[in-house]
**Q** 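Below: one structure in structure tokens.
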Amino acid sequence: MKIFLTVIWLIMRCLVYSESRLRINSALILSMLLFCLSDVPAQSVYPGQHEDKISVKNTLPLKAKSFDLGDVRLLDSRFKENMERESQWILSIGVDRLLHSFRTAAGVYSGNEGGYFTVKKLGGWESLDCELRGHTTGHILSGLALLYASTGNEIYRDKADSLVQGLAAVQQALAQNGFISAYPQKFIDRNIAGQRVWAPWYTLHKLYAGLIDQYLYCGNSQALEIVVNAADWAYNKLSPLPEETRETMLRNEFGGVNDAFYNLYAITGNDKHRWLARFFYHNDVIDPLKNQIDNFEAKHANTFIPKIIGEARNYEITGNEDSRMIAGFFWKTVVDHHTFVTGSNSDKEKFFAPDRISEHLTGYTGESCNVYNMLKLTRHLFCWDADVRYADYYERALYNHILGQQDPATGMISYFLPMLPGAHKVYSTPEQSFWCCVGTGFENQAKYGEAIYYHNDKGIFVNLFIPSELSWKEKGVKLSLQTNFPTGETSTLTIIEASTSEMPLYIRYPYWSEDIIVKINGRNIPIKQNPGSYITLSRKWKIGDKIEITCPMRLWIASANDNPDIGAIMYGPLVLAAEMGTEGFIPYAPYSNPALFNDYYTYNYNVPDHIINSLSIDRKDIGKSIVPAVGHSLTFKSIKEDIIFRPLYDIHRQRYNIYWNLINTLEYE
């Protein structure tokens with residue numbers, strides 16, 4: 001009866017007026033019927049997810065598995081607010097606007113269809129004169145899938161269905177053996193010939209990944225059909241090429257298209273899809289990692305990182321030990337030797353020499369796409385080892401970069417996270433930017449529930465202190481996590497539904513805390529573990545059981561990896577930035593000026609000469625130099641300089657400073 005009623009509802013939904021005309025789409029009805037017949041998995045392709053849609057199963061021994069994003073619901077917090085702001089933006093961009101460049105490329109759309117309306121064209125990187133056009137549509141397909149998984153709200157799936165239908169029509173109209181893009185196929189031909197062109201495979205990766213996400217998250221079989229047809233075209237296009245041609249074309253940025261093809265292979269089991277993934281193995285870049293050589297300097301970071309994510313998927317699918325070693329070495333090297341205090345990396349989009357942080361405090365540091373991709377890689381590695389250092393890094397980058405990437409006043413996104421003293425965040429525009437970091441931002445802000453919890457065969461890892469509810473259906477367990485962290489230090493887990501057998505909870509003991517306090521139903525639990533580990537609480541839980549976790553937070557200094565006299569002020573996992581005012585700062589710049597849509601890279605911050613970047617500090621007792629501001633949470637003041645510090649994620653539309661020349665208090669005096 002449930003299925004029957006659902007089908008009736010689907011037919012009625014297909015009869016509603018959809019932007020420009022009445023539609024009845026049998027493919028949509030079929031795909032939704034298939035959806036109704038199975039549970040909808042949600043989340044990216046990580047171990048433990050999408051089992052009902054994966055034909056090539058993971059057989060590797062894993063220490064942890066991911067929950068489906070649909071098993072986690074965010075409760076009220078800054079994270080949920082960010083997600084809601086992002087959803088308003090993503091819903092405001094019309095389907096026909098997102099499809100316009102695709103239809104133009106196929107010659108089936110003039111911009112004034114039937115005289116009923118005129119499409120207002122998107123600008124920036126989505127303008128018809130930009131070779132990267134179309135990438136945003138792929139990101140939005142992923143973003144809508146993540147939003148649907150995170151909330152269960154049908155409005156996101158409805159919009160995605162319209163996009164998928166439109167793309168299917170474009171692919172059919174092109175009639176080029178499955179090729180689909182917002183640009184002509186000659187861009188790929190230029191790439192193959194070694195001619196200059198802006199990253200055509202990068203754009204296809206975003207589109208393919210978005211379609212795969214639509215199948216995995218929303219059960220849309222039409223999306224899978226489109227990407228399978230596209231893979232057929234890619235195989236026929238690339239398989240005849242000689243090795244020297246392959247090597248030439250791979251010099252052009254291709255994003256994580258290898259990861260997308262590995263994911264497609266996992267779904268279909270088609271050897272052609274695995275061949276395509278291996279075709280995009282970039283020997284010149286990745287082979288040195290087999291010998292544990294740090295060859296990162298001067299390489300475009302966001303070109304490099306996705307290639308390693310593809311290697312991580314290769315390990316999970318095939319068990320290739322080289323791929324595992326490559327991914328692990330790369331992650332450790334980036335985090336230990338190339339990463340700012342915020343968890344971000346790169347200067348002007350490129351890696352620099354290892355251990356040179358203090359030499360690269362510029363206005364063009366910390367590309368947001370890099371953090372997006374590093375967090376994706378981190379999740380794979382955590383599943384393999386359940387090593388707490390991956391969770392620690394994830395928290396650092398999430399709070400200090402991703403959470404503060406969005407302007408809370410408008411929902412717009414910053415491309416870089418500047419380390420230049422006196423700089424400020426530069427935001428996108430609603431219709432005149434669409435940078436790569438806007439695209440990944442559509443995903444970042446939609447999937448905050450993805451890494452709060454993991455599980456093994458026995459119990460649950462609690463990695464992040466974000467207000468949320470978790471349902472582990474296979475075990476009959478449901479719990480809620482209530483907290484106002486980081487404003488407060490205590491988080492409370494409540495058992496809502498309990499298993500009939502004993503189950504361990506693995507509580508992360510953060511590296512930044514000391515003397516953690518854990519209580520079960522009000523009783524203190526002796527803690528023998530040290531910071532940077534997991535506390536195991538194992539028992540037969542009962543409904544209503546409460547676990548209180550108090551992680552004391554303290555001020556501390558995170559020094560640059562090349563100069564102990566340059567450092568940032570931390571409070572727990574939070575980077576504290578100093579408010580530097582708005583002198584010489586154009587309000588809302590460049591948000592209010594569409595002409596500056598591509599000025600993220602050369603933007604002049606006009607930093608006043610008197611902006612200071614020296615801070616007197618008592619390193620033995622930092623609390624003597626920086627004290628809490630009375631009446632304001634998470635706000636501090638330096639005693640000598642009288643500077644206000646707040647979490648970096650809360651600093652917007654004004655200048656700030658992160659790294660300081662640290663002067664010993666005695667030297668200052």
Side-chain angles (χ1 to χ4, degrees), residues 27 55-56 101-108 131-135 137-138 141 164 166-195 197-215 220-283 306-307 310 313-314 317-318:
S55 63
V56 181
S101 56
F102 289 88
R103 289 167 169 165
T104 300
V108 297
E131 292 181 342
L132 213 66
R133 59 187 180 271
H135 77 106
T137 299
L141 284 170
V164 171
L167 291 170
V170 166
Q171 189 177 53
Q172 184 176 7
L174 280 168
Q176 296 180 26
N177 301 315
F179 173 75
I180 180 170
S181 179
Y183 56 73
Q185 193 171 166
K186 67 181 180 181
F187 283 19
I188 298 294
D189 296 333
R190 284 161 55 187
N191 175 219
I192 291 173
Q195 299 170 357
V197 62
W198 192 6
W201 285 103
Y202 171 95
T203 306
L204 289 183
H205 163 235
K206 305 308 177 185
L207 183 61
Y208 296 170
L211 290 165
I212 291 170
D213 287 345
Q214 281 298 314
Y215 172 69
N220 192 322
S221 59
Q222 188 177 36
L224 179 62
E225 182 181 358
I226 295 171
V227 74
V228 167
N229 290 338
D232 287 342
W233 161 81
Y235 181 82
N236 293 330
K237 187 84 171 180
L238 300 177
S239 58
L241 299 181
E243 175 60 20
E244 57 269 23
T245 301
R246 186 188 78 90
E247 293 174 359
T248 297
M249 66 171 284
L250 292 188
R251 296 172 188 167
N252 191 297
E253 183 178 7
F254 55 82
V257 73
N258 55 345
D259 179 43
F261 283 131
Y262 276 125
N263 290 335
L264 186 60
Y265 168 68
I267 294 168
T268 66
N270 188 326
D271 284 337
K272 291 181 180 179
H273 301 156
R274 180 172 58 177
W275 183 95
L276 284 165
R278 290 174 173 173
F279 178 90
F280 284 94
Y281 177 91
H282 195 177
N283 303 71
K307 297 172 183 177
R313 280 301 285 145
N314 184 37
I317 290 172
T318 69

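Note that this is a predicted model, so its numbers are computed, not measured.
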**Q** Do Asn283 and Arg246 have side-chain atoms, one donor and one acceptor, less than 3.5 Å apart?
**A** yes
**Q** So, does Gln171 use its side chain to make a donor-acceptor pair with the main chain of Ile226 at under 3.5 Å?
**A** yes
**Q** For Tyr183 and Phe187, take the angle between the two ring planes, folded into 0 to 90°, and tell me which bin it lands in: parallel under 30, tilted 30 to 60, perpendicular over 60.
**A** parallel
**Q** Looking only at non-hydrogen atoms, find the nearest pair between Ile317 and Ala266 and report the distance.
**A** CD1-CB, 4.1 Å
**Q** Distance from Leu167 atom CG to Glu225 atom CD, nearest 0.5 Å?
**A** 12.5 Å
**Q** Between Lys186 and Asp189, does any side-chain N to carboxylate O distance fall below 4.0 Å?
**A** no
**Q** State the OG1-CD distance between Thr248 and Gln195, to the nearest 0.5 angstrom.
**A** 11.5 Å
**Q** With a 4.5 Å cut-off on side-chain heavy atoms, are Arg274 and Val56 touching?
**A** no
**Q** Quick one, Asn177 and Asp232 - any side-chain contact, counting heavy atoms below 4.5 Å?
**A** no
**Q** Within the distance-only criterion (no hydrogens, no angle test), does the side chain of Asp259 pair as donor or acceptor with the backbone N or O of Pro306 below 3.5 angstrom?
**A** no
**Q** For the backbone of Ala260 and the side chain of Arg313, can you confirm whether one donor and one acceptor N or O come within less than 3.5 Å of each other?
**A** no
**Q** For Tyr208, what residues pass the ring-ring contact (aromatic ring centres under 6.0 Å, His included) criterion, not counting sequence neighbours?
**A** Phe261
**Q** Please name all residues satisfying side chain to side chain donor-acceptor pair (under 3.5 Å) with Asn191, sequence neighbours left out, ordered by chain then number.
**A** Trp201
**Q** Looking at side-chain heavy atoms only, is the closest gap between Pro200 and Asn252 below 4.5 Å?
**A** yes
**Q** How long is the span from the CD1 atom in Ile180 to the CG atom in Leu211, to the nearest 0.5 Å?
**A** 7.0 Å
**Q** Are Asn258 and Tyr281 close enough that a side-chain donor and a side-chain acceptor fall under 3.5 Å?
**A** no
**Q** Does a salt bridge link Asp213 with Lys206, judged by any charged N lying under 4.0 Å from a carboxylate O?
**A** no
**Q** I'd like to know if the side chain of Thr245 reaches the main chain of Ala193, judged simply by a donor and an acceptor atom lying under 3.5 Å from each other, with no hydrogens or angles considered.
**A** no
**Q** If every non-hydrogen atom of Phe279 is compared with every non-hydrogen atom of Leu241, which pair is closest and at what distance?
**A** CZ-CD1, 4.3 Å
**Q** Between CG of Leu207 and CZ of Phe102, what distance do you get to the nearest 0.5 Å?
**A** 5.0 Å
**Q** Give me the atom names and distance for the closest heavy-atom approach of Phe179 to Ser181.
**A** CZ-CB, 3.5 Å
**Q** Give, for atom CG of Leu204 and atom CH2 of Trp233, the distance between the pair rounded to the nearest 0.5 Å.
**A** 5.5 Å
**Q** What is the minimum heavy-atom distance between Gln222 and Ala168, and which atoms define it?
**A** NE2-CB, 3.5 Å
**Q** Check whether any side-chain heavy atom of Phe280 lies under 4.5 Å from a side-chain heavy atom of Leu238, and answer yes or no.
**A** yes
**Q** Is the closest side-chain heavy-atom distance between Lys307 and Phe254 below 4.5 Å?
**A** yes
**Q** Locate the shortest heavy-atom distance separating Ala182 from Arg133; write the atom from each residue and the value.
**A** O-NE, 3.1 Å
**Q** Using modelled atom types only, decide if a donor and an acceptor are shared between the side chain of Glu253 and the backbone of Tyr202 within a distance under 3.5 Å.
**A** no
**Q** How many angstroms lie between CG in Leu276 and NZ in Lys237, if you round to the nearest 0.5 Å?
**A** 13.5 Å
**Q** Can you give me the closest heavy-atom contact between Ala199 and Leu132, atom names plus distance?
**A** O-CD1, 3.7 Å
